[in-house]
Amino acid sequence: MSETKELDFPRYAHVEGHTDVCYSEDGKYLITCGQDGDIRIWDGIDDGDPTEKCVGSEAFAVHQSGDRLYVGDDHHTLQVYTFPKAELIDTLTRFTASVCCLDSSKDGKLIAAGGCDSSIQVVNKDTKSVMNFDGHKSPILSIKFDPLSEFLVSSSCDGTVKIWSVEKKSVVKEWTNVVPVSNAFQHSKIKCTPAWDPIDGTLLAIPFGKEIKFFQRGVWRELYTVHDYRLSEQDITVMSWSKCGRYIAAGTSIGYILIWNVSSQVIVLHAKCKERYSIRSLVWCPKNGVYTLAYCDEHGQLGLVENASLDDFTIDSANDEQNILMTDEDSGDNVISLEQIKHEAELELSKQRGSSFNNVDGLEIDDDNSNLSSKCIPPTVGFTVDLQSPFQPCSTPAHLQRRFMVFNDVGYARQTNTVDENVIDVDFHDNTIHHAFRIKNVLGHSIAAMCQEALVLGCESQDTTPSKLVCVLLNSWDGKREWTVDLPDEDDICGLAVTADWIAVASISRLLRLFTLGGAQREIISIPGPIVAINGSRDRLVVVHHCGAPIPGEQNLRYCVYKIDSRVEAICSGFVPLFPKSTLRWVGFSDYGSLCILDSAANLRILIKSYWSPLCCVDNTWNDTTNHYFVIGVNEARQDIRCILCKGSYYPSTTPHPFLNEIPWQIPLCDLNQEKGELEEKFWRSNIALSILPEEDGLQYDKELKTTFLKLFAMACKSGHDMRALELCKLIKSEQYLNLALKYAMRVGNSSLATKITAIIENEINVEDEPKPVTYSELFDGPSTSYNKNTNYISQQSQDLFSEKYGSNDSEDNNKESSSILSVLKKKQESELMNESNDIDRAFNPFKKKNGGQANISFSTLSPLDQTIEPSSDNKRKSDLNNSSEDIDLTNKSKKPKGVSKLSSFVFKK
């Protein structure tokens, strides 16, 4: 057993608080950063004039690789400096909160950064491409690449340690309850820094409280554990693996440093600091043959542990001969047994042969001491399902100290949860309706929903207090401003929604509780799965929940829309479409009542009748891949998306005050960079708008749809794609538009296409109107629909692109007559035949010319451009000798059809 060694006094490095330290790659310099916002480059522990650089108000992490120095600060950025001059040259990536931990791959090409916003980003320093790893629920404590750059291990304030596949960006293994849960990086007493075997990454070491556990790479099976009885009253805060792979060091919460020999599992050093402060960072010197440890404590002091492995060498030289002859029963804690030497030799032999645990088909485990033996146990193959946790739409993560509990079109509720204060600031976009106010967050509210009539707050249950719902009324006529209700025991609020008439509360017991705005309890609805999110608008409520076990890495979600008035009715339900390996980021209703969703891949979709249609990828509107948009709402009339630009993160920061942006729709069709693809995208955007909007709001898109259709039709005709032109006519199914297409086909002399279009028009005329079935979009009682009580079905007021009645806005009398070319031609034929039958009433005109074309008129001989209708014989004058002059004047004023001789207007007197 190693005796306790007392270390020398550390030196001042930074102010009190978290301090990070690292060595340069050559082991010459020490680099530190602290809560004073400075980084310092030390040429040895005794350097009296280190290189200093102020990088911000606070600096949390520092890492050196190649000729670059990487710093994570409170500006939410990963900054790049030259080394050793410390000159700023670039900002590699951005977060929504402070960057608190850093690491690089063995070749230095990949830089991993963890933030206080619970996200991890891996950046290629050459291409600037960013890979996002989302899964933690609290600030990241540490990250570490394995030597092969295949895996990334991370620890978080949520108490978990996760192993990520760098290529698949997914979790392959997770341990829970490893560290105490906290809500801030600075408040976490245990940093928990897992480490890989630096030689080939065959082992992974993770500190679990008072011991360190070693796991095999690939199968992630626990092999053995190292500990010390002197850790009974302290916890391991940080850990570091030496570059040679032989030793592993750990710092504790009361200022002790311990070093184990990894192969023999024997402690070789137990040292205590002069000032017993918690160790916040620990690192080995990377020089070969130099076993020196550098550490920093929570008071910003820097210290060294030199000749850290001296006791190990002493033990080996003094007891080598004796240990070989001893057995496990005779060996004590201060010697190395024969089995331990054998185990060490096996490890060294496997490393020399270049073998890896990851390439072994089976795991050799000894039943007695869990060491390697000759028995081969095949590894078990399994998978874990990571279900998405409940979240509140239009809110930022709960672990942030400053966050938006809700940010919508009405206003926002901003929560501040620091050591000094815990308050909720409520403000409105239109201060003429409501004034801003502040609430002391005594109950610890973490969920909120807001409309113009009320603000609803929810808190989780504590040890002795249940989960509470608090409603703050904004337009109360009876003077009552607030009411509160307690949920049953062992039930917590996980989602809230509020409108002008009701409040919906989702709980972890899979229940949906409804309340009136005044506080009266209404229906309770059971949800068949864990609830993910809820949202409401007017008389509609959407609930998204898990449905069955998903494929590993995927989410199996289902939605259900309820209509809530005097009673509750489920009107539609279905599965939620998500991009592969993505999660749900936002769900809500558009301004015209259409259901919309946004996944973590930034794909926005809208529910049209009974199917989902993608509107756009919101993040593609910005060239920088590190920037994202926080969606607030969707408008069909303007075809835009209201959102907040988040630079370098997924969520908006509370300061400065965010402002709304409007980005246009762009349906992800093919060949959008060509004229054809651009017109097709515009065509279907107009189609979506017309299928949702009421008539008065859809006039703009009616004209746009007509123009786009004609351009696409003309483009297909010019390029010789007659089949494509005919298919466009089948899609449009509007008599007015088809007439225009027929005119164009006749003008360009394409008679075969004109004949087929004529057949489509005739088919459309003969089809009788049938009542349309009730669809999802028609069930909304908004400005675009009306309910017909006599016929008991809902008829849509807005113009439909595929409706036969969709046409011009002429008067009621003109709408009764068909405007098609075929109708005009038929009327001309009937008029000519009528004129011939009425000639017996007229005086015989021997000078009248015979026009053969007029007598034998047909559809094939008439020009489609000739839409002049000959007046009927009832409107012509009668032969009367007394009024011959008046009749001649009237006849001259009338319009003559083509092909009729002027002599036919003259008559002879008796």
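Side-chain contact between Trp175 and Lys162 is absent, with no heavy-atom pair separated by less than 4.5 Å. Side-chain atoms of Pro658 and Phe630, non-hydrogen and from C-beta on, never get closer than 4.5 Å to each other. Taking 4.5 Å as the limit, some side-chain heavy atom of Leu584 sits within range of a side-chain heavy atom of Phe391. Within the 4.5 Å cutoff, the side chain of Ile524 has no heavy atoms near those of the Leu512 side chain. Residues Ser507 and Leu487 meet the side-chain proximity criterion, which asks for heavy atoms closer than 4.5 Å. Side-chain atoms of Val498 and Glu453, non-hydrogen and from C-beta on, never get closer than 4.5 Å to each other.
Of the options Pro207, Ser156, Ser188, Cys192, a side-chain contact (heavy atoms from CB on, under 4.5 Å) to Val179 is made by Cys192 and by none of the others. Put simply, the residue from Gln79, His76, Gln121 that forms a side chain to side chain donor-acceptor pair (under 3.5 Å) with Thr93 is Gln121.
Shown here is Glu421, whose CD atom has more than 12 heavy atoms of other residues, nucleotides or ligands within 6.0 Å. For CZ of Phe659, the number of neighbouring non-hydrogen atoms (other residues, nucleotides, ligands) closer than 6.0 Å is 12 at most.
Remark: side-chain polar atoms of Ser590 are not paired, donor with acceptor, to backbone N or O of Asn635 under 3.5 angstrom. Between the Asp427 side chain and the Gly411 main chain, no donor and acceptor come within less than 3.5 Å of each other. Judged by distance alone, with hydrogens and angles left aside, the side-chain atoms of Gln555 form a donor-acceptor pair with the main-chain N or O of Gln388 at under 3.5 Å.
The aromatic rings of His657 and Phe407 sit tilted relative to each other, their planes meeting at an angle between 30° and 60°.
Asp297 has no carboxylate O lying under 4.0 Å from a charged side-chain N of Arg280, or vice versa, which leaves the two without a salt bridge. Asp599 has no carboxylate O lying under 4.0 Å from a charged side-chain N of Arg585, or vice versa, which leaves the two without a salt bridge.
Closest of all the heavy-atom pairs between Ile279 and Tyr256 is CG1-O, 4.2 Å.
For the atom pair CG (Leu578) and CG (Leu557), the distance works out to 5.5 Å, reported to the nearest 0.5 Å. Here SG of Cys394 is found 8.5 Å from CD1 of Ile644. Values are rounded to the nearest 0.5 Å.
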(message) The test is side-chain hydrogen bond (donor to acceptor under 3.5 Å, both in side chains); show your working for Asp420 and Thr418 and say whether it passes.
(response) CA-CA 5 Å; Asp420 300 329; Thr418 62; 5.0 Å; no
Check the pair Asp235, Ser253 against side-chain hydrogen bond (donor to acceptor under 3.5 Å, both in side chains), reporting the backbone distance first and the verdict last.
CA-CA 6 Å; Asp235 292 325; Ser253 56; 5.3 Å; no
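A side-chain N or O of Ser119 and one of Asp117 form a donor-acceptor pair less than 3.5 Å apart.
Screening residues 433-443 for side chain to side chain donor-acceptor pair (under 3.5 Å), with sequence neighbours left out, gives Asn422-Asn441, Asp425-Arg438.
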